[in-house]
Amino acid sequence: MPGELGQRSERPPRGPRALLAFLFALWFTFPVAAPASQDGVESGLVIHVSDGDTIVVDLDGQIETVRLIGVDTPELGRQDRPAQPMALEAARFARRMVGKKTVLLRPEPDRPDRDRYGRLLRYVLLQDGICLNAEIIKRGYGRALLRYPFFRAKEFAVFERQARAARLGIWAGNKTASE
C-alpha cells in the first residue's frame, strides 16, 4: 500500500515549472565542454580573460583564444605603451562576468570563423543567456565595433548610443562622444 515502509504516495510534479526544472537539470548533466552543435554553438570553460574583448577558453581540451564579435574595448598597456583609460575596468568586468565559468560560444552565421590573428570570432553567452558582447557595450566598457558587418550590428549601435547618452564608462568624460 502506498505510504507504508517509506514508499511515497505523492505524484511527481507536473506543469511548466517542473518541465523547466527538468530541462535545467538536464542541461547541467552534460559535460562542461560539449562538442559543437549543428548551429556551431560550443560550450567551454573560460580559463583566462586577456582583456575586455578577448578571452581564452578550454573547448574539450583544446585551448582557444576568442575575440568577442562586435565589441572594441580600450587596450591594456603592452610593452612600452600605457593602458588606455578604462582598459583595466573593462578587463575586470569581463573577468567578473565569465572568468572561470562555463560559457556558450556562438559563431556569426556566414562570416569568417577567425580573425587575422587566428582568434575565434564569437558571441559569448553566459548560462543564463546574457551576451557578454552586448553587456560590455551597454555598460560603457567598450564601443560597438561596426567596421566589419555582423548580424547584431544595429542592436549594438543602439546599446552604444544609450551608454553614450547615459555617460557610462568610457563615455563618462566625453562630451562630444566622437571617439
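All values reported here derive from a predicted model rather than from experimental measurement.
- R122 has a carboxylate O that lies under 4.0 Å from a charged side-chain N of D113, or vice versa, which qualifies the two as a salt bridge.
- Y148 and L105 fall into different hydrophobic clusters, defined by Ile, Leu, Val, Met, Phe, Trp and Tyr side-chain heavy atoms under 4.5 Å apart, directly or through other members.
- A continuous path of ILVMFWY side-chain contacts below 4.5 Å connects L59 to V46, so both sit in one hydrophobic cluster.
- Looking at heavy atoms from C-beta onward, S43 lies out of side-chain contact with V103 at the 4.5 angstrom threshold.
- Cluster membership for I137 and V49, using ILVMFWY side-chain heavy atoms within less than 4.5 angstrom, is shared.
- In this structure, the side chains of V57 and I47 stay at 4.5 Å or more apart for every pair of heavy atoms.
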Check the pair H48 / I55 against side chain to side chain contact (heavy atoms under 4.5 Å, CB included), numbers first and verdict last.
-> CA-CA 6 Å; H48 179 69; I55 62 175; over 6 Å; no
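- Between T73 and A90, the shortest heavy-atom contact is CB-CB, 4.0 Å.
- To the nearest 0.5 Å, atoms CG (D58) and CG (L45) are separated by 6.0 Å.
- Applying the ring-ring contact (aromatic ring centres under 6.0 Å, His included) criterion to F156, with sequence neighbours excluded, gives F150.
- The closest side-chain heavy-atom distance from I170 to P74 is below 4.5 Å.
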Derivation of the side chain to side chain contact (heavy atoms under 4.5 Å, CB included) call for M97 and I130 = CA-CA 10 Å; M97 293 289 288; I130 291 175; 4.1 Å; yes
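- In this structure, the side chain to side chain contact (heavy atoms under 4.5 Å, CB included) partners of R106, at least two apart in sequence or on a different chain, are D39, V41, Y123, L125.
- Remark: the backbone N or O of F151 is paired with a side-chain donor or acceptor of E108 at under 3.5 angstrom.
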Could you go step by step and tell me if R78 and D51 meet the side chain to side chain contact (heavy atoms under 4.5 Å, CB included) rule?
-> CA-CA 11 Å; R78 302 248 197 287; D51 59 26; 3.6 Å; yes
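- Distance CG/L88 to CZ/R95: 8.5 Å, rounded to 0.5 Å.
- Using a 4.5 Å heavy-atom threshold, the side chains of P107 and E42 count as separate.
- Side-chain heavy atoms closer than 4.5 Å link hydrophobic residues (I, L, V, M, F, W, Y) into clusters, and following such links, possibly through other members, connects L126 to F93.
- The NZ atom of K138 sits 12.0 Å away from the CG atom of L168 when rounded to the nearest 0.5 Å.
- Formation of a donor-acceptor pair under 3.5 Å by the E160 side chain with backbone atoms of A144 is found in this model.
- Both L121 and L146 belong to a single network of hydrophobic side chains, linked directly or stepwise wherever heavy atoms of I, L, V, M, F, W or Y lie under 4.5 Å apart.
- Atoms SG and CD, from C131 and E155 in turn, are 7.5 Å apart once rounded to the nearest 0.5 Å.
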Kindly determine whether E64 and R114 satisfy salt bridge (charged side-chain N to carboxylate O under 4.0 Å, His left out), including the steps that lead there.
-> CA-CA 11 Å; E64 289 280 1; R114 295 182 183 270; 3.0 Å; yes
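- A donor-acceptor pair under 3.5 Å links the side-chain atoms of R67 to the main chain of V71, judged by distance alone.
- A donor-acceptor pair is defined here as one N or O able to donate and one able to accept, closer than 3.5 Å; such a pair exists between the side chain of N133 and the backbone of V124.
- Formation of a donor-acceptor pair under 3.5 Å by the K101 side chain with backbone atoms of Q127 is not found in this model.
- By the 4.5 Å heavy-atom criterion applied to side chains, R92 and Y141 are not counted as neighbours.
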Does the pair L68 and L132 meet the rule for a side chain to side chain contact (heavy atoms under 4.5 Å, CB included), with working shown?
-> CA-CA 8 Å; L68 278 63; L132 176 63; 3.7 Å; yes
